[in-house]
Number of protein chains: 2
Amino acid sequence: MNKKHTIKDIAKLAGVSTGTVDRVLHNRGRVSEEVKTKVNAILKEIDFQPNIIARSLKSNKIINIAVLLPDPKLDAFWSPCLKGIKKIQKEYKSFNVILKTYYFDPLDNQSFLNSSDLVISEKPDAVLFTPFFSKESKQILHQLNELNIVYGTFNNPIFSNAISNFTGPDLYKSGRVAARLMDLITKDGKIIILHIDENYENATYMQKKELGFRDYFNMKDESKNKILAYNLKHTELEKSIGSIFSEHSDICGLFITTSKAHQVINVISDDILKHLSIIGYDLLEDNIKLLKSNKLQFLINQNPEKMVYNGLLQLVEFFLIKKDIPQTNYIPIEIINSENFEYYV
Amino acid sequence: MNKKHTIKDIAKLAGVSTGTVDRVLHNRGRVSEEVKTKVNAILKEIDFQPNIIARSLKSNKIINIAVLLPDPKLDAFWSPCLKGIKKIQKEYKSFNVILKTYYFDPLDNQSFLNSSDLVISEKPDAVLFTPFFSKESKQILHQLNELNIVYGTFNNPIFSNAISNFTGPDLYKSGRVAARLMDLITKDGKIIILHIDENYENATYMQKKELGFRDYFNMKDESKNKILAYNLKHTELEKSIGSIFSEHSDICGLFITTSKAHQVINVISDDILKHLSIIGYDLLEDNIKLLKSNKLQFLINQNPEKMVYNGLLQLVEFFLIKKDIPQTNYIPIEIINSENFEYYV
DNA sequence: AAAGAGTATGTGTTCGAACACATTTTTATC
DNA sequence: GATAAAAATGTGTTCGAACACATACTCTTT
């Protein structure tokens, strides 16, 4: 009953030739309304799924997809992305899918534009990119739309009313997950939220994490904790952290909204650390070391590999099986502690 | 440069026909040593990778895979497995992969044997099954080996020296993950490990979780907690739990090693619950309710869907691309709290 | 040297969908 | 109603690998 149907079967059922079925399937050429309706009815009835194998064997179309992301050499957070790219490449090689990777300097918005120009000049069929700098990203989106290039974005959302596609974490939820963890592992005292980043746009979406974090605590009846937030530059970390701790004596928790927890912890003395609960982001080697030595209690994994993998999968399936590309595709917010990190690296 | 080569190219290069190339590739029929060497040299030189698309289009071999697991209607833990099965089915339908699911009663080892007999009588190419009852499972393994049926096991390991394949959690690690969580959310007091299950074999591997859990605490310098373990039957839960709590006054944490946390929590009064930290397993509806209402702090997700998906993937890839089947394939130990569960259900 | 067996190699069809091309049917125009 | 143009539909080839079948070549054996 789960028999595979072919266009031949459908042709027979509809009393037409395979060519006509093909025309109906692809809205190619002309078919009389009457026949069209009949074939479509049959297609629907038996839920016809064309054999992708045969399809991609025949069509020698090559699907070129470009991936644009910050250079992993400049920020280690991005290096797991390469695994996701390789995985897709391997799985879809026989389907004539070709991926090409382009980097930019995450501290330099001109470099972002240059790389995107290069991407666009090569006229790929689709582009997956990190909308790292929001103003420039909107510019790129505009170009891609003009040229009818399919695209997806990943890692951070971009606030644009242009119809977009995004694969990544729900930042608000991410903050709530951290808050729940923090709530469970701290007693009374102040909790400090630290945003460490000099990129303004980046800071914008860090705010979402903060909002989620605060909301969790606000929604609780008892407010055992007072929550304060700071924006710090990583170049002045030691000084800033020092002054925060001298100003507040009863800090019980730190929530670091970026992958830079290791930089923060490095400038805090062990004496103080002993009484602190710290939650950070991302499985960088330096962060994992701290997890192992119990200086850091939890990491939240944004899973860059999965982001890229899922993002690319959507694009690939759009071409291969004409699957719609969803507006947003949230990936799981993964809680990591000292005992389960190895499954995620 | 990364040009795709076909057997036709190779035939031309070697000055033979495609039929001969085919014979060399598959060691089928007879080919003179001379030609064989020559063709092999060319195959190696250009690193020939046959087009799996074309291969599976042509080969009308149907790959029949049977999946044997407890009836989800009798134990809800198993129902996510069906999603994993459907996913593989959909992805590999065009590759002529056909899956068939068989159930057994998890409380009845005869039913397990009956179902496995049925599976074997249908002579599938491969079988993925839960070795739920260990003695019977060894018997099944033996039969499968005799009949040269490829197989994989999932969910729980089976302790047999027969070469096997297992997809599932590292139970020891799972215990450690729980222990780390428990350590962070409890202060001084007793921690109770509860095994709830009437199946002896099942209990055997629950021991592994207990060992991991205990080891974590043993390896710490300070031993703030005393750990006790009990085996309970779910039919006598109320009585047993009652007597445990009347015997020990300073219980601060419960670690329930099965998916039955909801049953335990239901027989504990809210007054007592308020001072308890509880960690359980698996995202059953009843458990999630408790997570939401904060009566349960953490759940560890064994991700039945992923177990089945990964297990089946290994079998499918064995047939499709002759990929070796690994001995063990541990899946991530996922930490779930009230804020991130929705990504996993 | 012819017949036959065994070995080595070549050819042709197939899988299902895509698409170019061929053919038939309908419609418009005089 | 003949003819051309346009519309509708049918047929045949192709993608790359698998495999059945056909053919060619080699070596015995009489």
Side-chain angles (χ1 to χ4, degrees), chain A residues 2-40 42-43 46-63 92-98 319-322, chain B residues 2-40 42-43 46-63 92-98 319-322:
Chain A
N2 207 346
K3 185 188 172 295
K4 280 206 285 183
H5 295 278
T6 71
I7 49 167
K8 237 177 178 171
D9 298 332
I10 288 155
K12 201 177 286 176
L13 282 169
V16 295
S17 72
T18 60
T20 302
V21 174
D22 181 68
R23 273 179 284 264
V24 173
L25 272 171
H26 298 89
N27 277 316
R28 157 174 39 239
R30 306 159 194 282
V31 186
S32 68
E33 274 310 316
E34 190 191 2
V35 172
K36 200 182 215 167
T37 325
K38 191 171 178 187
V39 171
N40 271 325
I42 292 171
L43 286 174
I46 64 175
D47 185 30
F48 175 70
Q49 296 283 89
N51 186 324
I52 38 165
I53 300 286
R55 166 174 293 174
S56 59
L57 173 60
K58 175 57 187 135
S59 81
N60 37 7
K61 266 187 211 129
I62 289 170
I63 303 166
Y92 290 95
K93 190 182 167 187
S94 299
F95 290 88
N96 286 324
V97 172
I98 293 180
F319 287 103
L320 251 36
I321 57 172
K322 299 210 187 318
Chain B
N2 207 346
K3 184 188 173 298
K4 282 202 281 185
H5 296 276
T6 71
I7 49 168
K8 235 175 177 172
D9 298 332
I10 288 155
K12 201 177 286 176
L13 282 169
V16 295
S17 72
T18 59
T20 302
V21 174
D22 181 67
R23 273 179 283 266
V24 174
L25 272 171
H26 298 88
N27 278 315
R28 153 174 44 237
R30 306 158 194 283
V31 186
S32 68
E33 272 312 316
E34 191 191 0
V35 172
K36 199 182 212 165
T37 328
K38 191 170 177 188
V39 171
N40 271 324
I42 292 171
L43 286 175
I46 64 174
D47 185 29
F48 176 71
Q49 297 283 94
N51 185 325
I52 39 164
I53 299 285
R55 166 174 293 176
S56 59
L57 174 61
K58 175 55 188 138
S59 83
N60 36 8
K61 263 186 214 132
I62 288 171
I63 303 166
Y92 289 95
K93 192 181 169 186
S94 300
F95 290 88
N96 285 325
V97 173
I98 293 180
F319 287 103
L320 251 36
I321 59 173
K322 299 208 190 316

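Just so it is clear: chains get the letters A, B, ... in the order the sequence lines come, proteins before strands, and each one is counted from 1. The structure presented is a predicted model; accordingly, all values stated were derived computationally and were not measured.
Across all strands, A:Asp22 comes closer than 4.0 Å to base atoms (heavy-atom distances).
Between A:Arg55 and A:His26, the shortest heavy-atom contact is NH2-NE2, 4.0 Å. Nearest heavy-atom pair, A:Lys36 versus A:Val31, reported as atom, atom and distance to 0.1 Å: N-CG1, 4.0 Å. The shortest heavy-atom contact between B:Asn96 and B:Ser56 is ND2-O, 3.9 Å. Annotation for B:Ala14 and B:Val39: closest pair CB-CG2, 3.9 Å, computed over non-hydrogen atoms.
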Please produce a list of atom pairs where a protein N or O lies less than 3.5 Å from an N or O of nucleotides 5-7 of chain D.
{"residue": "D:dA7", "atom": "OP2", "partner": "A:Arg30", "partner atom": "NH2", "Å": "3.2"}

For nucleotides 10-14 of chain C, which of its nitrogen or oxygen atoms have a protein nitrogen or oxygen under 3.5 Å away, and what is each distance?
{"residue": "C:dG10", "atom": "OP2", "partner": "B:Ser17", "partner atom": "N", "Å": "2.6"}
{"residue": "C:dG10", "atom": "OP2", "partner": "B:Ser17", "partner atom": "OG", "Å": "2.9"}
{"residue": "C:dG10", "atom": "OP2", "partner": "B:Thr20", "partner atom": "OG1", "Å": "3.0"}
{"residue": "C:dG10", "atom": "N7", "partner": "B:Arg23", "partner atom": "NH2", "Å": "2.8"}
{"residue": "C:dG10", "atom": "O6", "partner": "B:Arg23", "partner atom": "NH1", "Å": "3.0"}
{"residue": "C:dT14", "atom": "O2", "partner": "B:Lys58", "partner atom": "NZ", "Å": "3.0"}

Would you give a per-nucleotide map of nucleotides 24-29 of chain C, 5' to 3', where B means the base has a protein non-hydrogen atom under 4.0 Å away, S means only the sugar-phosphate does, and - means neither? ------

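Of the two residues near DNA chain D, B:Arg28 and B:Ile53, the one whose nearest nucleotide lies more 5' is B:Ile53.
A search for side-chain hydrogen bond (donor to acceptor under 3.5 Å, both in side chains) contacts involving A:Asn51 returns nothing, not counting sequence neighbours. With sequence neighbours left out, the side-chain contact (heavy atoms from CB on, under 4.5 Å) criterion links A:Ile52 to A:Phe95, A:Ile321, B:Ser94. Residues satisfying the side-chain contact (heavy atoms from CB on, under 4.5 Å) test with A:Lys12, not counting sequence neighbours, are none. Under the side-chain contact (heavy atoms from CB on, under 4.5 Å) criterion, A:Leu25 pairs with A:Ile7, A:Val21, A:Leu43, A:Phe48, sequence neighbours left out. Partners of A:Ser17 according to the side-chain contact (heavy atoms from CB on, under 4.5 Å) rule, which considers only residues two or more places apart in sequence or in another chain, are A:Thr20.
An OP1 or OP2 oxygen of C:dC19 is reached within less than 4.0 angstrom by no side-chain nitrogen or oxygen of A:His26. Checking the phosphate oxygens (OP1, OP2) of C:dG16, no side-chain nitrogen or oxygen of A:Arg55 falls inside 4.0 Å.
Rounded to whole angstrom, the span from the NZ atom of A:Lys8 across to the C1' atom of C:dC15 amounts to 9 Å. Between the CG atom of A:Leu320 and the P atom of C:dA17 there is a distance of 14 Å, given to the nearest Å. Going from atom CZ of B:Phe48 over to atom C1' of D:dA18 covers 12 Å, rounded to whole Å. Atoms CG (A:Leu43) and C1' (C:dA17) sit 13 Å apart, rounded to a whole Å. Rounded to an integer number of Å, the gap from A:Ile7 CD1 to C:dC19 C1' is 11 Å. One can place CG of B:Leu57 at 12 Å from P of C:dA18, the figure rounded to the nearest angstrom. Distance CG (B:Asn96) to C1' (C:dC15): 9 Å, rounded to an integer number of Å. Whole-Å rounding puts the A:Asn51 CG to C:dC15 C1' distance at 9 Å.
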Apply side chain to side chain contact (heavy atoms under 4.5 Å, CB included) to the pair B:Ile46 and B:Ile10, showing each step before the final yes or no. CA-CA 9 Å; B:Ile46 64 174; B:Ile10 288 155; 3.8 Å; yes

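Between its two ends, the helix from C:dA1-D:dT30 to C:dC30-D:dG1 turns its axis by 70°, counting five pairs per end and rounding to 10 degrees.
In this structure the side chain of A:Leu320 reaches within 4.5 angstrom of the side chain of A:Tyr92, judged on heavy atoms. Looking only at side-chain heavy atoms (C-beta outward), B:Lys38 and B:Leu13 stay at 4.5 Å or farther from each other.
Between the CD1 atom of B:Ile53 and the CD1 atom of A:Ile53 there is a distance of 4.5 Å, given to the nearest 0.5 Å.
Annotation: proximity of residues 31-39 of chain A to DNA chain D (heavy atom, distance under 4.0 Å) is found for A:Val31, A:Ser32, A:Val35, numbered in ascending order.
A donor-acceptor pair under 3.5 Å is formed between the side chain of A:Asp9 and the backbone N or O of A:Thr6.
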